[in-house]
Amino acid sequence: IVLIGYRCTGKSTIGQKLAQALVLPFYDTDALIEAVTGMTIRQIVDQRGWPYFREKEQECIRRVGLMCDCVIATGGGVVMFPENRTILKENSLVVWLAADIDTILARLKADQATHNQRPPLSDADIRRETEKMLHERTPTYRELADMTIDTAIHGVDDAVEAVCRLVKAELI
């Protein structure tokens, strides 16, 4: 099960609970990248740039793409690369966790880890950056998704329950 979506839509939180509910291992690609590099995402981007981070992200996707029966939370931009989309879609149920821009911005501001974990994607202010990224990424999220959950409306437990129902239906 692969969780995709923009920043602060609940991929890590829902992913951990979903993995527990289904008794599966959980992998967060950003956490795996940090473990391999020994740096936070912000440090990677500040010191080596976005292209280096995206290269490490692709390596991570290649590795987790080989794993079976697990829950994977991806970075928000992972879907913008065709190779990643192919790997993630192959033999996976892809769940797009979506939220409106105001919900995302409120979560970004409330998240203490935002500064260290979520470096800016551009020089624009956070609202303009988020609008731009959502405009660019939403069609790809929509195309790749087998299921969409609006996390501005549905809480963590509701989202986990919805995915579990779909997984069980797929197994029947």
Side-chain angles (χ1 to χ4, degrees), residues 1-37 41 44-45 50-100 103-104 107 111 113 117-118 121 130 133-172:
I1 301 167
V2 176
L3 304 177
I4 62 171
Y6 196 69
R7 298 171 168 190
C8 285
T9 55
K11 298 181 303 283
S12 297
T13 302
I14 291 169
Q16 289 171 352
K17 283 202 155 195
L18 180 61
Q20 289 173 344
L22 295 172
V23 192
L24 294 173
F26 172 72
Y27 301 100
D28 183 308
T29 59
D30 284 350
L32 292 172
I33 293 165
E34 289 179 342
V36 168
T37 62
I41 302 302
I44 294 169
V45 172
W50 278 109
Y52 179 81
F53 170 76
R54 295 299 181 200
E55 177 185 315
K56 291 299 170 195
E57 188 175 55
Q58 277 197 308
E59 291 172 11
C60 183
I61 294 301
R62 284 186 203 113
R63 282 194 308 275
V64 297
L66 298 172
M67 297 176 185
C68 295
D69 298 330
C70 64
V71 177
I72 302 167
T74 62
V78 73
V79 300
M80 300 312 292
F81 299 88
E83 179 185 350
N84 292 345
R85 290 193 301 268
T86 300
I87 291 168
L88 293 173
K89 189 67 176 174
E90 193 173 319
N91 302 315
S92 296
L93 174 68
V94 179
V95 179
W96 173 26
L97 301 180
D100 62 89
T103 299
I104 290 169
R107 290 175 182 171
D111 185 358
Q117 300 304 319
R118 297 184 174 96
L121 301 169
T130 303
M133 291 299 129
L134 287 173
H135 178 76
E136 289 175 6
R137 295 176 182 176
T138 294
T140 305
Y141 292 144
R142 185 175 289 119
E143 178 184 323
L144 195 59
D146 295 305
M147 173 185 213
T148 301
I149 299 172
D150 184 338
T151 63
I153 297 170
H154 302 285
V156 173
D157 292 336
D158 289 342
V160 168
E161 189 177 306
V163 177
C164 286
R165 278 194 311 270
L166 182 61
V167 168
K168 288 175 184 169
E170 294 284 323
L171 294 176
I172 295 175

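Considering all non-hydrogen atoms of both residues, V160 and A21 come closest at CG1-CB, 3.9 Å. L24 and D69 make their closest contact through CD2-O, 3.3 Å (heavy atoms, listed as atom of the first residue, atom of the second, distance). Across all non-hydrogen atoms, the minimal contact from G76 to V79 is O-CG2, 4.2 Å. The two residues D150 and A99 make their nearest non-hydrogen contact at OD1-CA, 3.9 Å.
N84 places a side-chain N or O within 3.5 Å of a backbone atom of V78 that can act as its donor or acceptor partner. In this structure, the side chain of E34 engages the main chain of I41 through a donor-acceptor pair within 3.5 Å.
Proximity of L3 to T74: side-chain heavy atoms (C-beta onward) are nowhere separated by under 4.5 Å. Proximity of C60 to V36: side-chain heavy atoms (C-beta onward) are nowhere separated by under 4.5 Å. The shortest side-chain heavy-atom distance between I149 and V163 falls under the 4.5 Å cut-off. For the pair T140 and F81, the minimum side-chain heavy-atom distance is 4.5 Å or more. For the pair T151 and R107, the minimum side-chain heavy-atom distance is below 4.5 Å. When side chains are defined from C-beta on, L22 counts as touching I1, because their heavy atoms get closer than 4.5 Å. Side-chain contact between V64 and L32 is present, with at least one heavy-atom pair separated by less than 4.5 Å.
A side-chain contact (heavy atoms from CB on, under 4.5 Å) with K11 is found for one member of T9, T13, I14 and no other, namely T9.
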task: Please assess E59 against K56 for the test salt bridge (charged side-chain N to carboxylate O under 4.0 Å, His left out), listing each intermediate value before the final yes or no.
output: CA-CA 5 Å; E59 291 172 11; K56 291 299 170 195; 3.3 Å; yes
query: Yes or no on side-chain contact (heavy atoms from CB on, under 4.5 Å) for F26 and C70, after CA distance, side-chain angles and deciding distance?
result: CA-CA 6 Å; F26 172 72; C70 64; over 6 Å; no
message: Assess the residue pair R62 and Q58 against the criterion (side-chain contact (heavy atoms from CB on, under 4.5 Å)); give the C-alpha distance rounded to whole Å, side-chain angles, the decisive distance to 0.1 Å, and a yes or no.
response: CA-CA 6 Å; R62 284 186 203 113; Q58 277 197 308; 4.1 Å; yes
task: Could you please spell out the steps behind the side-chain contact (heavy atoms from CB on, under 4.5 Å) verdict for L134 and Y6?
output: CA-CA 7 Å; L134 287 173; Y6 196 69; 3.7 Å; yes
field: Residue pair R85, E143: steps toward the salt bridge (charged side-chain N to carboxylate O under 4.0 Å, His left out) verdict
entry: CA-CA 10 Å; R85 290 193 301 268; E143 178 184 323; 5.3 Å; no
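The side chain to side chain donor-acceptor pair (under 3.5 Å) test applied to D100 returns T103, not counting sequence neighbours. Residues that satisfy the side chain to side chain donor-acceptor pair (under 3.5 Å) test with R142, not counting sequence neighbours, are absent from this structure. Applying the side chain to side chain donor-acceptor pair (under 3.5 Å) rule to R63 yields no partners; only residues at least two apart in sequence or on another chain are considered.
One distance of note links CD1 of I61 with CD1 of I72; it measures 7.0 Å at 0.5 Å rounding. Atom OG in S12 sits 3.5 Å away from atom CG in D28 (nearest 0.5 Å).
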Donor-acceptor pairs under 3.5 angstrom involving side-chain atoms of residues 86-95: please list them, not counting sequence neighbours.
{"from": "T86", "atom 1": "OG1", "to": "P82", "atom 2": "O", "distance (Å)": "3.1"}
{"from": "K89", "atom 1": "NZ", "to": "L144", "atom 2": "O", "distance (Å)": "3.0"}
{"from": "K89", "atom 1": "NZ", "to": "D146", "atom 2": "OD1", "distance (Å)": "2.7"}
{"from": "K89", "atom 1": "NZ", "to": "D146", "atom 2": "OD2", "distance (Å)": "3.3"}
{"from": "S92", "atom 1": "OG", "to": "L88", "atom 2": "O", "distance (Å)": "3.1"}
{"from": "S92", "atom 1": "OG", "to": "E90", "atom 2": "O", "distance (Å)": "3.4"}

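Under the ring pair (Phe, Tyr, Trp, His ring centres under 6.0 Å) criterion, the residue pairs touching residues 141-164 are W96-Y141, with sequence neighbours excluded. Every pair passing side-chain hydrogen bond (donor to acceptor under 3.5 Å, both in side chains) that includes a residue from residues 15-25 is listed here, sequence neighbours excluded: K17-D157.
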